[in-house]
Amino acid sequence: MLIEILDVIISGLLNGSVYALMAIGLALVYGVTKAFNFAYGSFYTMGGYFAWVFLVPLNLPGGYYTVFLTAIPFLFVVGFFLEKLLVAPLRKRSDWQMKAMMLTLGLSLFLDIGYIAMFGPRLKSLPDIVEGTLDIGPLVFMKQDLVIFILSISGLLCFAWILNNTRVGMAVQAVAQNPIGAQIVGIPKDRVFAATFAISTIMVGIGGILLSQKNFVNPQASTGIMIKAWVITAFGGMGSIKGSLYAALIIGMLEAFVGYYLGMIHIDIAVLTLLLITLAFRPQGLMGRE
Amino acid sequence: MIKILAVIYGIIGILPIFVSDSSIMMRILTMILIWSVVASCWDLIMGYAGIFSFGQVAFYVIGAYSSAILSVSLNVPPVVAVLMAGIITAIIGVLVGLPCLKLAGPYIALVTFAFQLALEPFLKGPLGKAIGSGGSRGIISVPPIEIFGISFSSSNLVPFFYLTLIMTLVCSVIIVVILKSHWGTAFLALKDSEDFAASLGVSAFKYKLLVFGVTSFITGLFGALYVHYVGILSTRMLSMEVFTVLLIMIVVGGIGQYPGVVLGAVVTVTMNELLRPMGIYRLLIMGGMVVIIVLLLPDGVTGLFKKLSFFRSAGKREQVQ
């Protein structure tokens with residue numbers, strides 16, 4: 001009984017940590033560019049397929065090291081140019097936010113169907129990043145879970161460090177606070193928008209590589225992931241990175257418990273109910289500012 | 001606005017005289033009518049009332065399911081069931097709108113979209129089965145609508161087409177009346193400056209909730225009409241495909257350019273049928289189209305027409321000088 005609950009808590013923590021990575025990427029891109037990215041989940045799947053292509057059909061040496069080393073520049077380039085080519089031209093219009101939503105929705109369908117057309121509709125399984133288990137007394141941990149947890153948390157810390165300690169990070173913060181002011185002091189606003197988009201693409205793509213090991217690479221997972229990331233961002237408070245972290249862990253736990261005790265089919269309903277209740281009482285989210 | 005609508009629906013209304021033998025053409029025409037109204041409602045919500053609601057397909061499906069459940073499980077006559085489905089959808093629309101419409105734009109998009117995503121597990125799961133949704137199997141053998149002994153079903157296409165046409169016209173009139181009335185003016189004021197409009201006593205929340213209710217009613221009504229026409233219903237209606245098709249209509253027609261979306265429905269439904277032999281690539285093309293149209297024609301076909309007529313009138317002015 002106790003072991004059972006512990007198992008559920010571990011799987012909740014695991015999912016929550018990866019969700020945190022993805023949701024914070026989304027909070028960042030919304031906070032800075034104010035673009036509502038509906039194609040976010042498709043980059044999660046893109047990360048999964050990227051790893052699959054490298055590891056299974058190509059079977060490149062170096063395994064996951066090669067995947068991470070190549071995936072980060074690849075996702076950066078994809079995100080950067082998508083922003084430059086698709087979102088930036090809309091920005092001139094007054095109703096660009098709605099247009100951006102529609103465009104990214106179309107893009108998400110295009111990408112998801114593109115994956116099916118390229119790789120077929122069947123789920124792909126990724127090899128484990130590390131094999132074996134770790135026994136501590138009566139508890140048995142999968143080493144893979146530990147590595148995923150550590151990688152996503154260190155990804156988050158790395159992100160926080162970049163945001164607070166580098167010139168790029170400070171430029172991003174400045175643009176988030178006041179785009180026009182940032183431009184006056186010489187920050188290339190448009191490039192920061194594109195870079196933010198690219199960074200968020202990396203974060204969700206890495207999330208895809210990590211979580212697809214547990215949940216398979218699924219071309220239809222995109223919408224669910226996108227909504228989950230959005231729910232976490234809204235639940236935690238838009239633009240609040242600390243809020244997103246707590247929200248991700250809470251939602252990860254909620255999912256694990258609801259999935260275990262009530263059945264997987266109720267997860268979406270439970271998450272939505274939690275969101276609606278939160279928004280009804282605190283429209284700005286857990287830790288968002290008014 | 002009324003003239004353009006009259007021309008479009010007039011042409012669609014006359015066409016069955018020539019193509020009534022071809023069941024494919026009749027099906028396309030009927031679907032154009034149904035989708036044009038659903039898309040118009042969405043345009044009214046998004047383009048005019050400025051609510052980023054992404055729950056339109058969900059309301060359509062709720063209408064379809066309520067009517068199907070009423071007529072199959074409870075043996076309600078389909079005509080009554082369709083009306084009741086509209087009312088049920090309107091009530092659910094208001095219930096969703098109550099917490100939702102006070103939120104800022106992106107939150108509304110999120111909640112309504114999540115609402116649609118949560119609807120599928122609800123209908124497939126034990127809760128849905130308890131109210132008679134038939135789980136993942138869906139509902140088969142929904143009875144057709146019967147008025148005065150005439151049965152309006154998919155085996156009898158021409159009468160159903162004209163029934164749909166009449167309902168389309170009635171609903172289009174309602175939409176035009178809303179746009180022309182002080183509601184439309186209120187929306188315009190709210191869109192220009194919500195704070196200023198509020199200071200003049202225009203209650204954003206009240207108008208948004210009203211329009212949400214009315215459009216949900218109409219959407220539910222057409223969802224119900226559709227289910228009695230095809231006779232079967234499953235949660236496949238909630239797929240991203242249906243959602244994207246609806247999105248393309250509004251993108252092609254132009255957001256907030258009212259009769260444009262009707263034209264968008266005509267183009268999209270026809271194209272969707274023409275592309276059907278392409279299998280999975282149809283959706284790929286559709287998704288790519290949304291991206292390209294939003295980028296190149298931000299106001300859709302209507303924007304294109306407006307630009308053309310602007311150039312023409314500019315040309316005339318030069319000639320006069």
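Reckoned from all heavy atoms, side chains included, excluding hydrogens, waters and symmetry mates. Proteins get letters first, then strands, A, B, ... in listed order; numbering begins at 1 in each.
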Inset, instruction - Give a yes or no on this: more than 12 heavy atoms of other residues, nucleotides or ligands lie within 6.0 Å of atom CD1 of Ile180(A). - result: no
Legend entry - Side-chain touch Leu103(A)/Leu295(B), heavy atoms, less than 4.5 angstrom: yes
Inset, instruction - For residues Ile255(B) and Met102(A), determine if any side-chain heavy atom of one lies less than 4.5 Å from a side-chain heavy atom of the other. - result: yes
Inset, instruction - Pick one of side chain, backbone, both or neither for Leu85(A), based on which atoms fall under 4.5 Å of a heavy atom in chain B. - result: backbone
Inset, instruction - Decide if atom CZ of Arg93(A) counts as having more than 12 heavy atoms of other residues, nucleotides or ligands within a radius under 6.0 Å. - result: yes
Inset, instruction - Quick one: sort the Phe38(A) and Phe54(B) rings into parallel, tilted or perpendicular, breaks at 30° and 60°. - result: parallel
Inset, instruction - Would you give the length of the straight line joining atom CG of Leu284(B) to atom CG of Leu111(A), rounded to the nearest 0.5 angstrom? - result: 9.0 Å
Inset, instruction - State whether the number of non-hydrogen atoms from other residues, nucleotides or ligands found under 6.0 Å of Arg282(B) atom CZ is greater than 12. - result: yes
Legend entry - Heavy-atom side-chain proximity of Phe113(B) to Thr223(A) below 4.5 angstrom: yes
Inset, instruction - Please round to the nearest 0.5 Å and tell me the distance separating atom CZ of Phe110(A) and atom CG of Leu283(B). - result: 12.0 Å
Inset, instruction - Take atom OH of Tyr281(B) as the centre, draw a 6.0 Å sphere, and report whether it contains more than 12 heavy atoms from other residues, nucleotides or ligands. - result: no
Inset, instruction - In sequence, state the C-alpha distance, the side-chain angles, and the governing distance for Val290(B) and Leu109(A), and then conclude on side-chain contact (heavy atoms from CB on, under 4.5 Å). - result: CA-CA 9 Å; Val290(B) 175; Leu109(A) 185 82; over 6 Å; no
Legend entry - Residue part contacting chain A, namely of Val251(B), when any heavy atom lies under 4.5 Å: side chain
Inset, instruction - Could you tell me which portion of Leu272(A) (side chain, backbone, both or neither) has an atom closer than 4.5 angstrom to a non-hydrogen atom of chain B? - result: side chain
Legend entry - Side chain / backbone / both / neither for Ile248(B) at chain A, heavy atoms under 4.5 Å: neither
Inset, instruction - Kindly indicate whether the side chain of Met46(B), heavy atoms from C-beta on, has any atom under 4.5 Å from the side chain of Met101(A). - result: no
Legend entry - Gap separating the CD atom of Glu241(B) from the CD1 atom of Ile113(A), nearest 0.5 angstrom: 8.0 Å
Legend entry - Flag if over 12 foreign heavy atoms under 6.0 Å of CZ, Phe257(A): yes
Legend entry - Toward chain B, the part of Leu90(A) with a non-hydrogen atom under 4.5 Å: side chain
Inset, instruction - Please indicate whether Tyr261(A) has more than 12 foreign heavy atoms, meaning atoms of other residues, nucleotides or ligands, lying under 6.0 Å from its OH. - result: yes
Inset, instruction - Check whether any side-chain heavy atom of Leu105(A) lies under 4.5 Å from a side-chain heavy atom of Leu247(B), and answer yes or no. - result: yes
Inset, instruction - Heavy-atom pairs under 4.5 Å with chain B are the metric here; pick the option from His266(A), Lys99(A), Met226(A), Gln220(A) that has the most. - result: Lys99(A)
Inset, instruction - Under 4.5 Å, counting heavy-atom pairs only, tell me which of Ala118(B), Gly287(B), Pro126(B) racks up the most with chain A. - result: Gly287(B)
